[in-house]
Each structure stands twice: as structure tokens, then as C-alpha cells.
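Each chain gets a letter, A, B and so on, in the order the sequences are listed, and its residues count up from 1. The structure displayed is predicted, hence computed values, not measured ones.
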2 protein chains.
Amino acid sequence: MNNYGDEILKLSNQICFPLYATGKEIVRRYQPYLEKYDLTYTQYIVLMVLWEKDHVSVKEIGSHLYLDSGTLTPLLNKLIKKGYIRKEKAPRDERELIISLTKEGEELKKEIIEVPPKIAKKVKLNQEEAKMLYTLLYKVLDGFKEDE
Amino acid sequence: MNNYGDEILKLSNQICFPLYATGKEIVRRYQPYLEKYDLTYTQYIVLMVLWEKDHVSVKEIGSHLYLDSGTLTPLLNKLIKKGYIRKEKAPRDERELIISLTKEGEELKKEIIEVPPKIAKKVKLNQEEAKMLYTLLYKVLDGFKEDE
DNA sequence: AATAATTAAATTGCATGCAATCTAATTTTA
DNA sequence: TAAAATTAGATTGCATGCAATTTAATTATT
């Protein structure tokens with residue numbers, strides 16, 4: 001038989017593994033560069049959210065990063081202990097925790113911009129390919145979002 | 001001010017973040033379908049390797065899946081406990097462990113083919129897009145391999 | 001207003017995932 | 001061939017990542 005549907009099915013199936021593997025490799029490749037700042041990849045992307053928009057709730061961080069409180073709560077506590085962020089209850093809604101950058105957390109941004117280019121160099125895609133990959137990945141992510 | 005550095009650090013400008021996020025989502029989406037077979041995603045892909053080629057070493061499984069012994073050793077022990085695989089020392093080289101499917105492990109293959117189509121349906125890409133994504137992901141993975 | 005439903009974050013428990021180190025077996029080399 | 005180097009797996013320790021549950025605060029309902 002091997003019709004059109006079968007082909008898509010096979011390909012989609014084959015796509016899951018490289019997605020999983022590449023995601024994992026990204027984290028692994030970042031680690032040595034972040035070590036210098038005593039950060040893990042996940043801690044780094046939490047800070048990226050805050051550098052873009054400070055004073056956000058745990059919920060909002062989670063929805064940007066596809067992470068839940070089970071992951072974020074202990075991770076945020078570690079970032080507090082490292083002195084990069086601070087948390088306080090939202091005055092309007094005491095269920096919410098507002099996360100903010102400390103001065104140290106803000107300063108870190110200036111130093112850490114040296115890191116992404118180093119990883120970029122290892123991702124051997126030209127600009128066009130990178131753009132295509134970016135588009136396709138968000139298509140998958142958005143498609144997932146649809147059916148939940 | 002919004003200078004060059006700011007742009008670099010924006011989540012939306014990074015190819016790494018969607019790679020990380022999509023990989024994570026893949027695992028998460030698989031989980032509910034694999035639960036029925038008492039398998040996790042990682043255990044499932046280990047079995048996939050074996051379904052394709054039985055009697056392989058831990059090392060070989062790891063190189064296919066980008067996993068090391070620190071991950072595989074306990075995971076393989078769980079699969080043994082579940083009765084899907086078995087391990088024995090390689091007679092030629094006693095450092096090597098040869099992993100093989102049990103009858104139960106082989107049979108599982110026939111049932112589990114129902115799972116990938118369910119995930120495939122959630123990955124909302126057409127054939128051309130899927131093919132492109134596949135190519136780009138392996139380009140990234142192969143590029144990583146180069147510089148190690 | 002009192003109760004029910006919902007929501008944000010914390011907690012618990014389990015399964016990775018990986019760096020670093022260790023042990024035993026095999027190869028290389030001096 | 002004896003010592004050194006390498007290699008395959010196991011172990012340890014730490015950091016996610018997520019489902020499920022709990023707790024506290026807020027909102028919706030009656």
C-alpha cells in the first residue's frame with residue numbers, strides 16, 4: 001500500500017527522535033559556557049525571560065518556557081540563593097509570586113551575551129536554514145498547543 | 001536603548017530555545033500513550049533500537065541515542081525488571097554487555113506500532129515540511145558531532 | 001454572604017541526563 | 001612481556017522535568 005498517509009506517518013515518526021536528541025544536545029552544549037556563570041541552561045533561559053521583561057509571575061515564566069511549578073519552584077530558589085533574582089508576593093493577588101532581577105542578575109546580562117554566538121557557531125546552519133528550522137519548530141510547538 | 005546585545009538575548013531570536021522546548025514536548029506528548037505499556041519515552045527508544053537490530057552493546061545503544069552509561073545502566077535494569085530485555089557479557093570482550101530482546105520485548109513491537117501514528121497526528125506538518133525539518137535537525141546533530 | 005469552583009505555587013515521587021570518577025578488561029607500547 | 005594507556009560499564013551526585021496532590025487565595029454561584 002504505502003500511500004501518502006503512510007509516508008507522512010513514517011516521517012513524522014522519524015522526526016520525533018531527532019527533535020528529542022537535538023534538544024538534549026543543545027542543553028549539553030550550552031553547559032560548559034554557562035558553567036563560568038554558575039548557571040545551568042534552564043536557569044539561563046529563566047533569566048532570559050526576565051531580561052526581556054522583569055517582574056513576572058512564576059506562571060508567566062512557565063508559559064514562556066513550557067515549564068511547570070514543579071520544575072520552576074526549586075530552580076527559582078536556586079537563582080535566589082545565587083543572588084540573581086528575588087521573589088515577592090503580588091500585592092493584588094497573594095497567590096502569585098512576582099520574580100524580579102537583582103542588580104547582580106541585571107549585570108549578568110551584559111556578560112552573558114558572549115555565550116549565544118559561541119553556540120551559534122557550532123550550529124552549522126546558514127541564515128536561511130536557521131530561519132526555516134525556526135519556523136518549522138514553532139509550527140510544531142504551536143500545533144501541540146492547539147490540541148490541549 | 002535596545003541595542004545589539006538585547007536582540008541576541010531575546011528568546012524569540014534564538015534557535016536553541018525552540019529546539020530545547022520542542023524536544024521536551026515530544027517526550028511529554030509520548031508519555032500518555034506509552035503509559036499503557038509501562039514505558040517511558042527513553043525506554044521506548046531503547047527498545048526501538050533493539051527492534052531494528054537485536055543483540056547490541058550498551059555503547060552502541062548509547063551512540064544511537066546520544067545517551068551515556070550513566071543514563072542507560074539504570075534504564076536497562078528497569079527494562080530487564082519489566083521483562084523486555086536481557087543482558088549478558090560479550091564472550092569476546094568481557095567489558096561489553098550485549099543487550100537482547102526477550103520474547104515479551106519482541107512481542108511488544110507489534111502492539112506498540114499503534115503509538116507513533118497518534119503522535120504523528122499531533123505534529124501538524126505536511127510531508128514537505130516534515131522532510132525539511134528532518135534534514136535540518138540532522139544537519140544540526142551532525143554539525144555537533146563534527147566538533148567533538 | 002456562604003459554598004463551590006478555580007487558580008497559583010509548593011510539594012512529592014519518579015525517571016531521566018550528564019559530568020566525573022571508579023573498576024575491570026583489553027590494547028598498546030616501551 | 002610488564003607497565004601504561006585505553007575502553008566499556010557502573011556508580012555518584014546534582015539538576016531537571018513532569019504528573020499528581022496539596023495548600024492558600026480568589027472568583028463564581030446560589
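In this structure, the side chain of B:Glu129 engages the main chain of B:Asn126 through a donor-acceptor pair within 3.5 Å. In terms of modelled atom types and a separation under 3.5 Å, the side chain of B:Trp51 and the main chain of B:Leu108 share no donor-acceptor contact. Under a 3.5 Å cut-off, the side chain of B:Thr71 and the backbone N or O of B:Leu67 do not form any donor-acceptor pair.
Put simply, A:Val123 and A:Met132 are part of the same group of oily side chains (I, L, V, M, F, W, Y) that touch within less than 4.5 Å, one to the next. Cluster annotation: A:Leu75 and A:Tyr37 are assigned to the same hydrophobic cluster (Ile/Leu/Val/Met/Phe/Trp/Tyr, side-chain heavy-atom contacts under 4.5 Å, transitive).
Across the protein-nucleic acid pair, A:Arg95 atom CZ and D:dT27 atom P stand 6 Å apart, rounded to whole Å.
For the atom pair CG of A:Leu39 and NZ of A:Lys78, the computed distance is 12.0 Å after rounding to the nearest 0.5 Å. Atom CG of residue A:Leu97 and atom OG of residue A:Ser69 lie 10.5 Å apart, to the nearest 0.5 angstrom.
At a threshold of 4.0 angstrom between heavy atoms, the contacts of B:Arg29 with the nucleic acid are absent.
Around atom NZ of A:Lys82, more than 12 heavy atoms belonging to other residues, nucleotides or ligands sit under 6.0 Å away. The 12-atom threshold is exceeded at NZ of B:Lys124, counting heavy atoms of other residues, nucleotides or ligands nearer than 6.0 Å.
Using a 4.0 Å cut-off on heavy atoms, the residues of residues 73-89 of chain A that approach DNA chain C are A:Thr73, A:Lys87, listed by number. Scanning residues 39-48 of chain B for heavy-atom distances under 4.0 Å to DNA chain C yields B:Thr40, B:Thr42, B:Gln43.
Put simply, chain B comes within 4.0 Å of DNA chain C, heavy atom to any atom, from C:dA15 to C:dT26, going 5' to 3'.
The residue among A:Val58 and A:Tyr20 whose nearest nucleotide of DNA chain C is located toward the 5' end is A:Val58. Both A:Asp93 and B:Lys24 lie near DNA chain D, and the one whose nearest nucleotide falls closer to the 5' end is B:Lys24.
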Below 3.5 Å is the cut-off: list the nitrogen or oxygen pairs between protein and nucleotides 19-21 of chain D, distance only.
{"from": "D:dA19", "atom 1": "OP1", "to": "B:Arg28", "atom 2": "NH1", "distance (Å)": "3.1"}

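Looking at every heavy atom in both residues, A:Leu101 comes nearest to A:Asp54 through N-OD1, 3.0 Å. The minimum heavy-atom distance linking A:Lys53 with A:Glu60 is given by the pair NZ-OE2, 2.8 Å.
Shown here are the ring pair (Phe, Tyr, Trp, His ring centres under 6.0 Å) partners of A:Tyr84, two or more places apart in sequence or in another chain: there are none. Residues forming a ring pair (Phe, Tyr, Trp, His ring centres under 6.0 Å) with B:Tyr138 (at least two apart in sequence, or on another chain): B:Tyr134.
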